[in-house]
2 protein chains.
Amino acid sequence: MASILDVARAAGVSASTVSNVLNGRHGRMQAETRARVLQAIEELGYTPNALAQQFKSGRNRTIGLIVPSVANPFWGALAHKVERAATALGYKVLICNAERDPQQEARYAETLLSSGVRGVIFSSSPLTFDHIAHLVRRGLVVAAFDRRGQGAEEVVACSVSVDNELGARLAGQHLVGLGHRRIGFLSGPIRTSSRAGRLDGLRAAMAKAGLALDPALVWQGAGIGGYGDTEGPELGRIGIRELLSRDDPPTAVVTVNDMYAMGAYAGARDLGASIPGDVSIVGFDDVDLAAVVHPALTTVRQPLAVMAEASVGALIRVLEGTDAGQEAHVSAMPQLIVRASTAPPKQGS
Amino acid sequence: MASILDVARAAGVSASTVSNVLNGRHGRMQAETRARVLQAIEELGYTPNALAQQFKSGRNRTIGLIVPSVANPFWGALAHKVERAATALGYKVLICNAERDPQQEARYAETLLSSGVRGVIFSSSPLTFDHIAHLVRRGLVVAAFDRRGQGAEEVVACSVSVDNELGARLAGQHLVGLGHRRIGFLSGPIRTSSRAGRLDGLRAAMAKAGLALDPALVWQGAGIGGYGDTEGPELGRIGIRELLSRDDPPTAVVTVNDMYAMGAYAGARDLGASIPGDVSIVGFDDVDLAAVVHPALTTVRQPLAVMAEASVGALIRVLEGTDAGQEAHVSAMPQLIVRASTAPPKQGS
DNA sequence: GTGAAAGCGCTAACAT
DNA sequence: ATGTTAGCGCTTTCAC
């Protein structure tokens with residue numbers, strides 16, 4: 001592998017001149033010199049050793065993205081959009097699966113940090129930031145995506161989230177407006193601020209209509225161990241079956257995300273219940289598939305592209321110190337997309 | 001940030017001794033010295049600068065994974081399993097979206113290489129390897145996942161794929177056995193070896209039964225530009241509508257992957273056609289959702305976990321030079337999972 | 001058993 | 001306008 005010295009020799013200049021060419025410091029040399037260097041680079045097929053560059057400069061145009069699981073299309077889509085936004089700004093993205101495990105999240109963050117990545121986007125995961133506070137002290141810049149937590153102020157440099165509470169409230173209002181009075185909530189373990197917010201929102205919407213959310217209708221995957229890979233469809237399927245088997249079952253269910261909703265479709269069918277005839281379902285996220293499944297899913301849309309761009313932009317601004325006092329915390333508006341999985345409850349329920 | 005020198009000073013030893021401790025070269029020092037060093041490390045909260053380590057040693061326990069799009073759950077699941085397998089072997093994974101664009105694929109590979117990543121898994125993408133051949137000359141080790149191509153011998157160090165041709169043949173045989181005679185193939189642009197193999201397999205199965213695959217029933221997203229983000233469900237939905245609107249429509253359709261199949265569900269419903277009553281659908285991949293949608297999807301399963309482990313293992317073996325002449329090219333067996341989306345054709349078709 | 005010293009490839013003062 | 005020089009933090013001979 002050709003090094004900067006080889007290029008320098010070939011062009012008959014010094015290494016620093018080559019470095020200057022490489023780093024766009026024109027004006028510090030004659031056009032003719034520049035041309036010679038460029039030609040030498042071309043001929044030798046030289047590429048700078050990025051490792052050495054980073055090592056030396058301490059900076060590297062890479063950010064990290066920690067997601068619960070790329071196997072969920074919502075996070076896959078986020079990764080996709082984050083990558084696109086970062087690429088546009090000349091940054092690369094390292095994607096890591098933390099599996100909703102604080103330990104693993106901290107481990108990845110540490111790895112990233114000691115690989116020279118200073119900025120990391122943490123997406124929905126544990127409720128606190130305690131486990132990464134020490135890394136912040138060591139220079140890690142953290143952006144929170146759809147996540148709030150205790151001690152966040154000291155740890156988080158910028159954050160972007162959808163208003164989860166509002167989103168779920170919209171879902172709840174829609175259902176209440178349709179005439180539902182027994183509404184369930186279907187989720188995996190509620191260990192993230194976004195999940196907690198969604199539950200709260202539903203409760204608030206019901207309260208406003210003088211209804212109480214029956215704790216027996218809040219299913220949170222309790223008692224299921226090692227759900228790592230079955231997160232989503234499988235849990236949704238199991239959960240709704242339990243919910244519908246209660247003495248006084250719900251006539252509508254809000255799910256914590258679209259994957260649970262799709263699982264709920266399957267679970268309801270397992271019991272011979274029709275959607276929305278026997279039970280209405282509202283999802284959250286609005287993944288591509290939500291419009292495709294049958295019946296098309298009523299769901300709360302997160303403006304994903306906007307959120308991805310905002311978090312990447314904010315993070316990079318902080319990293320580059322060009323923050324200029326812009327507000328670093330944005331809350332995106334969710335939107336209820338009414339499709340075919342919701343309807344008034346059956347008479348007599 | 002504490003450096004190795006700080007530790008050395010604190011422990012009253014030299015930097016090289018600390019390095020030896022760090023790199024597990026015990027036996028080269030007294031237990032007592034080792035203990036002192038360890039304690040100093042602990043006290044200072046020292047972590048080696050991974051960048052400097054890599055820079056110096058030229059080695060870094062990181063592999064790259066280039067996928068068409070993490071937004072497709074199949075690739076998301078692959079990324080997940082690859083990461084798991086790599087982690088178990090002490091490696092990290094950088095995931096990149098190439099968007100099925102050879103240019104972008106080459107760009108990422110180059111970035112990876114100059115960041116010190118020597119081993120990269122390329123998953124299904126362009127038909128040839130020409131665009132990365134020059135990188136191989138510069139030291140890149142490439143593993144091909146579900147991908148064959150021209151010039152592969154010289155470029156690819158190891159490969160893992162499912163037998164796509166066989167998989168599609170199983171699908172075709174199943175359909176033929178059910179009595180179908182007009183079978184369509186629904187795909188996006190066929191620019192990958194895996195897609196080409198699937199089409200061939202279907203054709204072969206039909207040929208064996210004395211049937212010809214009508215070119216008019218092979219839909220490949222022709223004429224659609226900028227389909228980047230709509231890959232999958234959207235194309236499937238559009239495609240099947242066109243297929244079912246032909247003069248002599250198919251009674252069964254094999255789709256290139258499960259996302260297309262789910263799109264096909266929606267498209268068929270758009271036209272009021274029922275599955276499998278009016279048209280049978282077979283998918284490919286067997287993503288989690290395949291068992292969840294309604295009707296549950298008959299599909300060709302790829303043994304994903306096995307394939308992920310095999311490619312990571314083979315790649316790392318090559319990287320570490322412990323290949324020991326083991327066969328570096330494995331072909332995994334696909335399996336037809338018959339569920340509810342296939343049935344005999346209607347009488348009179 | 002432990003330390004000294006030489007770099008890895010690049011950048012950035014500082015000279016010229 | 002260009003070259004010289006001194007490291008960045010670590011690993012790794014090679015002495016002692």
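All heavy atoms count here, side chains included; hydrogens, waters and symmetry mates do not. Per chain, numbering begins at 1; letters A, B, ... match sequence-line order.
- Considering only residues two or more places apart in sequence or on other chains, Y108(A) meets the side chain to side chain donor-acceptor pair (under 3.5 Å) condition with E83(B).
- In this structure F74(B) satisfies the ring pair (Phe, Tyr, Trp, His ring centres under 6.0 Å) test with no other residue, sequence neighbours excluded.
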Sugar-phosphate or base contact per nucleotide [nucleotides 8-16 of chain C; S, B, -; heavy atom under 4.0 Å]: BBBBB----
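- Among pairs with a residue in residues 21-71 of chain B, those fulfilling ring pair (Phe, Tyr, Trp, His ring centres under 6.0 Å) read F55(A)-F55(B), at least two apart in sequence or across chains.
- When the side chain to side chain donor-acceptor pair (under 3.5 Å) test is applied to N23(A), the partners found at least two apart in sequence or on another chain are S19(A).
- S3(A) pairs by the side chain to side chain donor-acceptor pair (under 3.5 Å) definition with nothing, not counting sequence neighbours.
- Comparing the axis of the opening five pairs of the helix from dG1(C)-dC16(D) to dT16(C)-dA1(D) with that of the closing five pairs yields an angle of 40°, rounded to 10°.
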Review item, side-chain donor-acceptor pairs of residues 112-119 of chain B, under 3.5 Å, at least two apart:
| residue | atom | partner | partner atom | Å |
| --- | --- | --- | --- | --- |
| S114(B) | OG | E110(B) | O | 3.3 |
| S114(B) | OG | T111(B) | O | 3.4 |
| S115(B) | OG | T111(B) | O | 2.7 |

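- The side chain to side chain donor-acceptor pair (under 3.5 Å) test applied to R25(B) returns N20(B), not counting sequence neighbours.
- Evaluation of the salt bridge (Lys or Arg N to Asp or Glu O under 4.0 Å) rule for R9(A) yields D6(A) as partners, not counting sequence neighbours.
- Taking a heavy-atom distance under 4.0 Å as the criterion, the stretch of DNA chain D touched by chain B extends 5' to 3' from dG9(D) to dT12(D).
- Within 4.0 Å (heavy atoms only), G116(B) reaches no atom of the nucleic acid at all.
- With a 4.5 Å cut-off on side-chain heavy atoms, V330(B) and S159(B) do not count as touching.
- Evaluation of the side chain to side chain contact (heavy atoms under 4.5 Å, CB included) rule for V155(A) yields F129(A), I132(A), A133(A), V136(A), V142(A) as partners, not counting sequence neighbours.
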